[in-house]
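Along the sequence shown, residues are numbered consecutively beginning with 1. Predicted, not measured: the structure shown is a model, and the values here were computed from it.
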Amino acid sequence: MTRLTGSALRVTVYVGENDTWHHKPLYTEIVHRAHAAGLAGASVFRGIEGFGASSLIHTSRLLSLSEDLPVAVVIVDTETRVREFLPQLDELITEGLVTLDHCEVIRYVGRDGTQDTSRGRTGTKGKKSL
């Protein structure tokens, strides 16, 4: 079971939805590497509008500009583990923005395979009961 509480470091990687690494989406490669590195977790968020260094606005509101929307990959873990992971981001990110923020984890507990009936969930990966 994964547990993380207290002081932590959040790394956020801002890239374009169409950015790739060896013909795969770049955000996918970042998540897979974070998983392989044993980090506590990673999430990918797709933006609906934004611009970066190119100053070109990308938006989901106009069909012609709905390509290459902004994507943010957010990873939170201890400062030591996040900083150990940064060289991998240096290898992957040729264009984009990487930020680090100190944060406090209030509660983060992974599933341990037991039933949690109070929230209607089982500990079985991929299965959820309402």
Side-chain angles (χ1 to χ4, degrees):
M1 178 173 13
T2 303
R3 291 182 183 269
L4 178 65
T5 57
S7 181
L9 196 62
R10 175 180 52 221
V11 59
T12 306
V13 182
Y14 300 92
V15 294
E17 185 177 35
N18 292 341
D19 292 345
T20 60
W21 176 261
H22 296 271
H23 309 291
K24 293 189 314 190
L26 178 57
Y27 58 85
T28 297
E29 183 66 19
I30 295 168
V31 169
H32 285 256
R33 287 194 185 197
H35 184 260
L39 295 176
S43 297
V44 178
F45 300 94
R46 183 178 187 224
I48 58 172
E49 189 166 30
F51 71 93
S54 70
S55 293
L56 178 65
I57 294 179
H58 300 271
T59 178
S60 62
R61 291 181 293 129
L62 302 172
L63 190 58
S64 64
L65 296 176
S66 64
E67 298 175 4
D68 202 25
L69 291 169
V71 172
V73 183
V74 179
I75 302 166
V76 177
D77 207 321
T78 64
E79 182 168 358
T80 302
R81 293 176 67 115
V82 167
R83 291 199 183 276
E84 289 172 354
F85 184 68
L86 291 179
Q88 292 199 54
L89 292 179
D90 285 340
E91 177 186 351
L92 295 171
I93 309 300
T94 57
E95 292 180 357
L97 173 67
V98 179
T99 63
L100 294 174
D101 301 292
H102 290 279
C103 61
E104 183 178 353
V105 175
I106 304 300
R107 177 167 165 49
Y108 174 75
V109 180
R111 295 183 186 167
D112 63 1
T114 61
Q115 179 103 10
D116 178 0
T117 56
S118 66
R119 295 190 182 189
R121 292 189 237 176
T122 66
T124 307
K125 185 176 182 181
K127 294 191 177 187
K128 186 190 305 185
S129 64
L130 301 173

Non-hydrogen side-chain atoms of Arg46 and Tyr27 separated by less than 4.5 Å: no
Side chain to side chain contact (heavy atoms under 4.5 Å, CB included) partner of Leu89, the single match among Val73, Val98, Val82: Val98
Shortest non-hydrogen contact between Phe85 and Ala37, atoms and distance: CD1-CB, 3.9 Å
Side chain proximity check, Trp21 to His32, heavy atoms < 4.5 angstrom: no
Linked, directly or transitively: Val15 and Leu86 (ILVMFWY side chains, under 4.5 Å): yes
Close side-chain approach of Leu26 and Val13, heavy atoms under 4.5 Å: no
Nearest-0.5 Å distance, CD1 of residue Ile30 to CG of residue Asp19: 9.0 Å
ILVMFWY network linking Val11 to Leu92, side-chain heavy atoms under 4.5 angstrom: yes
Glu79 atom CD, neighbour heavy-atom count above 12 within 6.0 Å: yes
Gap separating the OG1 atom of Thr28 from the NE2 atom of His22, nearest 0.5 angstrom: 14.0 Å
Among Val76, Thr78, Ile75, side chain to side chain contact (heavy atoms under 4.5 Å, CB included) partner for Leu39: Ile75
Shortest non-hydrogen contact between Asp77 and Gly38, atoms and distance: OD2-O, 4.1 Å
Side-chain touch Arg10/Leu100, heavy atoms, less than 4.5 angstrom: no
Point-to-point distance, once rounded to the nearest 0.5 Å, from CD of Glu29 to OG1 of Thr20: 10.5 Å
